[in-house]
Every structure is written in C-alpha cells, then in structure tokens.
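Data first, discussion second: the structure below is written as structure tokens.
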Amino acid sequence: MSSSQLHYLPLSPTFFSILVGMFVLLVLLTQLGLLRYAYIRIGISSRAALLLLFGSLIGSYVNIPVAELAEQQIMSGREITYFGIHYVVPVVVDWPGTVLAVNVGGALIPGLMSIYLLVKNRLWGTGLLATACVTMVCHLLANPVPGVGIALPVFVPALTTAIVALLLSGRHAAPLAYISGSLGTLIGADLLNLSKLQGLGAPIASIGGAGTFDGVFLIGIVAVLIASISRRTNGVSSASETQATTFR
C-alpha cells in the first residue's frame, strides 16, 4: 500500500471549487472590515479564523490512517453522487481493504479548535447539550454509501447547528455553533457509524473526509454568519435602548 494513495480531495473539483469560492468571499469581506466583529464574537481573531478555514481546505487532502478493515472487494477511481454532491473514490492499487483514517481538514483541525473554544468560553453544560442534539440528528440522517463510507446531506449539520445554537445561547451562539456542529457531526455521522463500514467497498473511510467534510466546513461559515447576525441584533437593541433613554 502506497502512502501517496491515502491522500486525495474528498470532493470533485467542481464542488471543492465552490467551497474555495466561499472562503475567498470571506477573505474579501474580512479585508473590507465587514466581518471583524463577527470573529470577535466567535472568540478568535480574523486572521486565526481565516487560517483555520484555509487549513481545513488544504488539510482535507490529508488522511492519517489508524486501522484497516478486511474487505473482499474494493471500489477504485469513481465519483459517487449523494444528495447532489459528488464524492471522490480514489484510485488505489494493491489495497489491503478499507483503511480507516482521520482527515486533517475535516476532523483534526475542527476538533482541536472546538475544544479550544469550549475551554475558552467555558460552555461546558450548554456545549454538551448542543453537541448531543446535533449528534442525534446527524446520527439519524447519516447513511452508509458504497465506495465512500458514511455520508450526510450537506446542509443538515449547518442547519441543525444554527437552530440549536441560537435556541440555547444568544450571547455565545457563534462559538457554540462551531463546537456543537463540528463535534456533533463527527461523532453522530462518523464515530457512531463505524460498525457500518464493513462491506461498503470503500478503499478509505475517512473520519471528517468524504461524506462529511463539506458539512463540517460549512459549519465554520455558519458560525461567522451567526456572529454577524448577533452583531446586527445587538446593534438594533442598543439603538432602541438609547432612543428609549433619550425619550425619558
């Protein structure tokens, strides 16, 4: 087994380019100063946030193998479509079976950042509850996909995360969205479905890779949007309070 065959983009070039386009748009808005407050609401600097998203994009190419599952027949060199998203099945030669791996951009980086935000904002109880809610939804809607592994409809993590975070916490909705969305997706869709990988013929079943990477990446975008909405809401509230005080 060649280590170079472990690394590949989890999405087709077209769909990966869409995520790159979203990242470029965020960079432009940040340079214009329109999202600076949003990053403060999340709990990190704008530079750190952009490096995080950029690292997720680049890191999506890298898989760290952790185990091997015996498999009689392995798919190779295909594109699998699931809910309109095209996932890549890499070309492999002399493959031992299904390699269980951890994706750097879709699991390692978001996981570590989630832990950092959890500790920094001390969202112990709320973070646990929100993560449990997202985990439950992702686990119910995730499905085994032959050749890919476990896949989830792309907008499920982002929408679930936004609803849960806004309901549970107004002040810390942005960091809570990133924490619960990242951890809830990885736990609910990938970790709790490891027993379903056998027999799918996937050469590489990557935690946070093909099937879930796109959803995890969008969670970072959603966190920024929630922070921006929070800013506008707080601005409107402050303006109303000022007018009320003036009237009195």
Could you list the donor-acceptor pairs under 3.5 angstrom formed between side-chain atoms of residues 12-26 and any protein atom two or more places apart in sequence or on another chain?
from : atom 1 : to  : atom 2 : distance (Å)
S17  : OG     : P13 : O      : 2.7

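To the nearest 0.5 Å, atoms CG (L108) and CE (M113) are separated by 11.5 Å. Atom OG of S182 is separated from atom CG of L118 by 11.5 Å, given to the nearest 0.5 angstrom. We find the OG1-CG distance between T161 and L166 to be 10.5 Å, quoted to the nearest 0.5 Å. From I58, atom CD1 reaches atom CD1 of I109 across 9.5 Å, with rounding to the nearest 0.5 Å. Between the CD1 atom in I207 and the CG atom in N193 there is a gap of 11.0 Å [rounded to 0.5 Å]. Summarising the geometry, atom CD1 belonging to I221 is positioned 12.0 Å from atom CD1 belonging to I226; distances are rounded to the nearest 0.5 Å.
Under the 4.5 Å side-chain heavy-atom criterion for ILVMFWY residues, a single connected hydrophobic cluster contains both L117 and V119. Linking Ile, Leu, Val, Met, Phe, Trp and Tyr whenever their side-chain heavy atoms come within less than 4.5 Å puts V102 and I150 in one cluster. Under the 4.5 Å side-chain contact rule for hydrophobic residues, I187 and L100 share a cluster. Under a hydrophobic-cluster definition in which Ile, Leu, Val, Met, Phe, Trp and Tyr are linked whenever side-chain heavy atoms come within less than 4.5 Å, directly or via other members, L141 and L197 are assigned to different clusters. L53 and F155 fall within a single hydrophobic cluster, where Ile, Leu, Val, Met, Phe, Trp and Tyr side chains are chained together by heavy-atom contacts under 4.5 Å.
Counting only heavy atoms from C-beta outward, the side chains of P90 and Q5 never approach each other to under 4.5 Å. Inter-residue side-chain proximity for P157 and V134 is flagged as unmet; no heavy-atom pair is nearer than 4.5 Å. Two residues are said to be in side-chain contact when any heavy atoms from C-beta on lie closer than 4.5 Å; V154 and F83 fail this criterion. Taking the side chain as every heavy atom from C-beta outward, T126 and L176 approach each other to under 4.5 Å. Using a 4.5 Å heavy-atom cutoff, the side chains of Y178 and P110 are in contact. Within the 4.5 Å cutoff, the side chain of L123 has heavy atoms near those of the I179 side chain. Counting heavy atoms from C-beta on, the side chains of T135 and L192 come closer than 4.5 Å.
The main-chain N or O of A48 is found under 3.5 Å from a side-chain atom of S45 such that the two form a donor-acceptor pair. Listed for the T131 side chain is no donor-acceptor partner under 3.5 Å among the backbone atoms of L128. Checking side-chain atoms of N63 against main-chain N and O of H7 turns up no donor-acceptor pair under 3.5 Å. At distances below 3.5 Å, at least one donor-acceptor pair connects side-chain atoms of K120 with backbone N or O atoms of G43. No side-chain donor-acceptor contact under 3.5 Å links D190 to the backbone of L186.
Other residues, nucleotides and ligands contribute at most 12 non-hydrogen atoms within 6.0 Å of the CZ atom of F54.
Other members of a hydrophobic cluster containing V91 are absent, since no ILVMFWY side chain comes under 4.5 Å of it, directly or through relayed contacts.
Between N103 and S206, the shortest heavy-atom distance links the atoms CB-OG, 3.2 Å. Shortest non-hydrogen contact noted between L11 and F213 is CD1-CD2, 4.4 Å. What you find for A177 and I219 is that their closest heavy atoms are O-CG2, 3.6 Å. A205 approaches T98 most closely through the heavy-atom pair CB-CG2, 3.9 Å. G184 approaches C138 most closely through the heavy-atom pair O-CB, 4.1 Å. Nearest heavy-atom pair, W95 versus P203, reported as atom, atom and distance to 0.1 Å: NE1-O, 2.7 Å.
In this model, a donor atom of one side chain and an acceptor atom of the other lie less than 3.5 Å apart for D214 and Y87.
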Chi angles and distances behind the side chain to side chain contact (heavy atoms under 4.5 Å, CB included) call for V164, T160: CA-CA 6 Å; V164 170; T160 305; 4.2 Å; yes
